Amino acid sequence: MTFLRVRELVSGYDRSTVLGGVDLDLDAGAVLGLLGRNGVGKSTLVMTLMGLVPVTSGSVLLDGEELAGRRPDAIARAGVALVPQGRRVWATLTVAEHLALAGRGRRGGWTVDAVYELLPRLAERRRQYAGQLSGGEQQMLAVARALVTNPKLVLLDEPSDGLAPSVVDQLVGVIGRMRAEGAGILLVEQDLHLAFAVSDEIAVMEKGRIVHRVDTPAFRRDPDTAHRLLGVA
Ligand SMILES: Nc1ncnc2c1ncn2[C@@H]1O[C@H](COP(=O)(O)OP(=O)(O)O)[C@@H](O)[C@H]1O
Ligand SMILES: [Mg+2]
């Protein structure tokens, strides 16, 4: 059985269909980097997988369980966690309050203490309000908030956006740990350096569909295709 099996997923907003039939497979313990120009529907895809954008039609099977049409809280309980674009931490809650809320009722190795050990800067800041943290610290908090749910499937939407290189390196480490523990990871990224550093395979989206998918070394050997699909060298 495929760990994550998405078929003909269609979704969008009031007046517009954005996802025009997405097919996507992902194995447990694998990282898929999802690239694509601005506005092609990458965020809409991860938000649809999380139940935050309603499914019009299609199927999302996780470990054989149908998630399409479920509410975000049910999808979270099924083991999916989203690190949203733009972090979306709650400015008036402290670091500790974020992690206590997110980890409530969840079982697994990623306790709040284990996450503090992995990310000591967050431990130092545990009594600070999220709104007082730097951008990099907020991003780490968004990642930590996902980790304490002990997710099976992690959806990361441009986590490196605006981060200093040292924080990006830390992200590489955290993604590697999640993967080693058997989580499946879908990583939306603009930073090709990060995407290449952690992804087993690269998929490219165009106009609401996955149009290209190869292993990362093959993608790197083919700059013409990258240029055609992404407009980068
Ligand atoms: N909340 C929304 N309401 C209406 N349209 C939206 C909304 N969010 C995104 N869109 C539109 O959906 C399309 C895909 O956007 P998005 O999924 O954010 O793309 P990406 O993440 O690849 O940049 C764009 O045309 C965008 O304008
Ligand atoms: Mg986006």
Side-chain angles (χ1 to χ4, degrees), residues 4 6-26 31-60 67-73 75-76 80-90 135-136 138-143 145-146 151 153-163 167-168 171-172 175 184-199 201-214 216 219 225-233:
L4 175 68
V6 178
R7 287 295 177 275
E8 298 188 33
L9 189 63
V10 175
S11 80
Y13 306 95
D14 282 349
R15 282 184 183 75
S16 61
T17 298
V18 175
L19 301 186
V22 169
D23 292 330
L24 185 70
D25 290 309
L26 180 65
V31 182
L32 178 64
L34 180 64
L35 310 179
R37 288 188 170 94
N38 260 337
V40 295
K42 304 177 301 295
S43 293
T44 302
L45 173 58
V46 295
M47 289 198 295
T48 304
L49 295 176
M50 195 70 228
L52 296 167
V53 172
V55 172
T56 307
S57 62
S59 167
V60 178
L67 300 183
R70 295 230 210 142
R71 292 163 43 94
D73 56 327
I75 292 173
V80 185
L82 169 65
V83 179
Q85 189 169 12
R87 305 172 180 102
R88 309 274 164 162
V89 294
W90 300 295
Q138 287 186 1
Q139 188 63 60
M140 278 304 160
L141 176 57
V143 171
R145 181 174 61 180
L153 172 65
V154 187
L155 311 168
L156 294 145
D157 195 353
E158 301 201 18
S160 76
D161 192 22
L163 296 190
V167 187
V168 175
L171 256 177
V172 170
I175 292 170
I185 296 168
L186 182 62
L187 171 70
V188 176
E189 253 310 325
Q190 302 279 357
D191 178 345
L192 295 184
H193 173 77
L194 172 59
F196 293 162
V198 299
S199 304
E201 290 180 85
I202 298 289
V204 183
M205 240 181 139
E206 252 189 344
K207 291 187 209 148
R209 286 168 180 271
I210 309 283
V211 295
H212 184 63
R213 178 168 174 166
V214 290
T216 302
F219 189 85
T225 300
H227 186 76
R228 177 170 56 81
L229 294 171
L230 305 172
V232 296

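Counting convention: from 1, in listed order, for ligands and their atoms alike. A quick note: this is a predicted structure, and the numbers were derived from the prediction, not measured.
Protein heavy atom nearest atom 12 (O) of ligand 1, with residue, atom name and distance: V18 CG2, 3.4 Å. Ranking protein heavy atoms by distance to atom 25 (O) of ligand 1, first place goes to G39 O, 4.0 Å. If you check which protein heavy atom lies closest to atom 19 (O) of ligand 1, you get G41 N, 3.2 Å. Protein heavy atom at the shortest distance from atom 9 (C) of ligand 1 is Y13 CE1, 3.6 Å.
For the ligand labelled ligand 1, residue G36 lies outside the 4.0 Å heavy-atom shell.
In terms of polar-atom proximity, defined here as any N/O pair under 3.5 Å, Q85 makes no such contact with ligand 1.
For the pair V18/V53, no side-chain contact is recorded, criterion being any heavy-atom separation below 4.5 Å from C-beta on. L163 is not listed as a side-chain neighbour of D191, based on a closest heavy-atom distance of 4.5 Å or more.
Which parts of ligand 1 touch S43 is read off a 4.0 Å heavy-atom cut-off, strictly below it: atoms 17 (O), 18 (O), 20 (P), 21 (O). Using a 4.0 Å cut-off to heavy atoms of N38, the atoms of ligand 1 that qualify are 23 (O). Those atoms of ligand 1 that come under 4.0 Å of a heavy atom in T44, given as number and element, are 14 (C), 15 (O), 16 (P), 17 (O).
Distance check for atom 27 (O) of ligand 1: every protein heavy atom is found at 4.0 Å or beyond.
L45 CG to L9 CG: the interatomic distance, rounded to the nearest 0.5 Å, is 6.5 Å. The CZ atom of F219 sits 5.0 Å away from the CG atom of L230 when rounded to the nearest 0.5 Å. Here the straight-line distance linking atom CE of M50 with atom CG of D73 works out to 8.5 Å at 0.5 Å rounding.
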